[in-house]
Amino acid sequence: MSDCLAAFLQERGFHVSTYYDIDFFKRLLGYASVKQRYSRLAWYGYRLLNFFRDRKLVRQLKTYDLLIIAETSPKCYLTDEYDFVKGKRVLGNIPMVYHGVYYLGNAPTIEEMFKKEGHNNASIFDWHLVVSSVTEIRSNPTPPWNQIGMYLRHTGLKPARKARTFAVVDFEREGREHIRNEQIQVLTNLGIPFVALSGTMSIAEIREIYRQATYYFIQFPESFGVPIAECLSCGAYIFMPDSSWAMAWRLDENPEIHGPGTLADCFVVYEGVEDLQSRLAQIEVAYDLTETPREVFSIFLANYRSYYEGNQQEFEKFTTYLESNILTK
């Protein structure tokens with residue numbers, strides 16, 4: 001995600017530097033915040049070992065006009081993971097923007113959980129650039145956030161002729177093994193080649209698998225699901241047993257929290273093993289190795305264009321606000 005946003009900004013005249021290690025903000029935490037995971041000696045030794053490295057980083061970061069933090073949510077808000085509030089102070093109150101898949105205000109159950117458990121809220125950042133305007137609920141972008149989308153076009157992922165029909169079964173999720181096993185059994189029954197993802201892979205390795213895919217099976221409810229977007233970019237159908245699993249992809253004007261939703265036709269929602277086998281068999285019969293990936297990609301673009309090309313209109317709103325409210329402070 002950070003590379004996609006960097007490319008999107010660079011093409012629009014921003015000078016961008018990308019830092020892939022943000023543990024500096026972790027090392028700003030006091031020992032009381034991490035004592036459940038570290039001994040006092042280990043924690044202060046860890047901070048001391050990185051002292052000069054962190055001083056150099058602070059000098060570098062102070063030269064920028066703003067800092068964009070690209071980290072997963074809820075991790076970025078947890079008070080035992082990072083201290084962005086102190087970080088902003090250490091960096092001379094540099095404007096700090098969060099980039100993630102969703103705006104915290106669109107996830108009221110998570111927001112309420114943070115409040116009960118004493119974690120941070122969205123106010124620790126000056127602004128939010130998010131991929132989707134719908135997570136648990138949908139709302140229209142208003143200050144302090146914009147729905148800037150994702151610039152997946154930059155990755156080079158696009159539909160191409162497939163060598164064969166080929167399924168990708170996502171990584172196993174604890175407690176949902178039976179769903180994965182059912183999917184694998186159906187693929188085996190129909191004689192469809194597949195890979196069941198496991199272990200660790202580089203981004204390049206996993207994207208090469210996505211390029212070959214005609215079908216992608218998710219295993220768990222996703223607030224967004226970057227692999228979903230990447231597979232759709234390659235023209236692969238997305239399979240799941242529940243439409244609520246694709247939260248950010250629901251097209252309903254007022255989706256319910258964790259409720260079912262209307263999805264575009266590039267998604268296949270099935271009910272049970274027999275329905276999955278029937279639907280997949282029908283798609284197999286009609287599948288054209290050249291045209292079908294293009295058709296799936298066209299449906300993806302028609303319904304979720306900002307997830308592939310970014311959102312220029314929302315970007316312009318962000319820069320207007322940036323110029324008049326943040327960089328003038």
Side-chain angles (χ1 to χ4, degrees), residues 1-6 8-9 18-26 28-29 33-34 37 66-88 95-152 170-171 173-174 203 218-230 244-250 255 257-259 261 304 306-307 310-311 314 318:
M1 279 181 53
S2 59
D3 287 339
C4 288
L5 180 62
F8 187 79
L9 295 176
T18 304
Y19 295 79
Y20 294 100
D21 184 351
I22 63 171
D23 282 348
F24 160 69
F25 295 99
K26 176 180 179 178
L28 293 175
L29 291 168
S33 298
V34 298
R37 291 181 290 164
L66 76 156
L67 186 64
I68 299 177
I69 301 294
E71 175 58 291
T72 59
S73 178
K75 185 177 180 180
C76 68
Y77 295 105
L78 301 181
T79 53
D80 58 353
E81 288 289 348
Y82 302 109
D83 193 340
F84 292 118
V85 175
K86 184 176 181 180
K88 183 175 179 178
M96 196 171 289
V97 176
Y98 173 65
H99 177 51
V101 295
Y102 65 88
Y103 178 57
L104 188 58
N106 286 337
T109 62
I110 296 177
E111 202 170 30
E112 182 62 25
M113 179 188 70
F114 285 172
K115 184 177 180 180
K116 289 180 179 178
E117 297 181 0
H119 293 295
N120 293 311
N121 58 40
S123 66
I124 65 172
F125 298 107
D126 295 285
W127 201 261
H128 302 254
L129 296 176
V130 303
V131 175
S132 177
S133 59
V134 55
T135 308
E136 292 182 337
I137 62 173
R138 178 189 296 277
S139 66
N140 294 321
T142 54
W145 68 283
N146 293 109
Q147 188 261 319
I148 201 167
M150 184 183 297
Y151 191 36
L152 275 175
D170 198 10
F171 294 94
R173 295 285 188 152
E174 184 177 355
I203 292 176
I218 69 173
Q219 306 299 311
F220 191 76
E222 298 279 3
S223 57
F224 178 73
V226 173
I228 294 175
E230 292 186 333
S244 70
W245 282 21
M247 295 186 209
W249 304 82
R250 293 175 297 173
I257 295 177
H258 301 301
Y304 312 104
S306 69
Y307 294 172
N311 190 328
E314 287 292 302
F318 166 63

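Pairing each heavy atom of Ala122 with each of Leu104, the nearest pair is N-CD2, 3.7 Å. Residues Gly105 and Ile137 share a closest heavy-atom pair of O-CD1, 3.9 Å. Closest heavy-atom contact between Cys76 and Phe84: O-CE1, 3.4 Å. Shown here for Gly259 and Ser244, the closest heavy-atom pair between the two residues is O-CB, 3.1 Å. Heavy-atom minimum distance, His99 versus Val131: CE1-CG2, 4.3 Å. Nearest heavy-atom pair across Gly118 and Thr79 is O-CG2, 3.5 Å.
To the nearest 0.5 Å, the span separating CG on Asp3 from CD1 on Ile203 amounts to 6.5 Å. For the atom pair Asp80 CG and Lys26 NZ, the distance stands at 9.5 Å (nearest 0.5 Å). A distance of 10.5 Å separates CD in Glu117 from CD in Glu112, rounded to the nearest 0.5 Å. Between the CG atom in Leu129 and the CZ atom in Phe318 there is a gap of 4.5 Å [rounded to 0.5 Å]. Once rounded to the nearest 0.5 Å, the distance linking CD of Glu81 with CG of Asp23 reads 9.5 Å. Rounded to the nearest 0.5 Å, atoms CG (Asp83) and NZ (Lys88) are 13.0 Å apart.
The aromatic rings of His119 and Phe114 sit perpendicular to each other, their planes meeting at more than 60°, with 30° as the lower class boundary.
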Output, in order, the C-alpha distance, side-chain angles, deciding distance and verdict of side chain to side chain contact (heavy atoms under 4.5 Å, CB included) for Met1 and Val101. CA-CA 9 Å; Met1 279 181 53; Val101 295; 3.6 Å; yes

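For Tyr304, the ring-ring contact (aromatic ring centres under 6.0 Å, His included) partners two or more places apart in sequence, or in a different chain, are Trp249, Tyr307.
Between Asn106 and Val134, every side-chain heavy-atom pair lies at or beyond the 4.5 Å cut-off. Within the 4.5 Å cutoff, the side chain of Leu9 has heavy atoms near those of the Ile68 side chain. Side-chain contact between Tyr103 and Pro144 is present, with heavy atoms from C-beta onward closer than 4.5 Å. The side-chain heavy atoms of Pro95 and Trp127, taken from C-beta on, include no pair separated by under 4.5 Å.
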List, one per line, each side-chain donor-acceptor pair under 3.5 Å for residues 220-230, sequence neighbours excluded.
residue	atom	partner	partner atom	Å
Glu230	OE2	Arg207	NE	3.0
Glu230	OE2	Arg207	NH2	2.9

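A 6.0 Å sphere centred on CD of Glu174 holds no more than 12 heavy atoms belonging to other residues, nucleotides or ligands.
Among pairs with a residue in residues 67-77, those fulfilling side-chain hydrogen bond (donor to acceptor under 3.5 Å, both in side chains) read Glu71-Tyr82, Ser73-Tyr102, at least two apart in sequence or across chains.
Remark: the backbone N or O of Ala248 is not paired with any side-chain donor or acceptor of Arg138 at under 3.5 angstrom.
For the residue pair Asn311/Gln147, the side-chain donor-acceptor check at 3.5 Å is satisfied.
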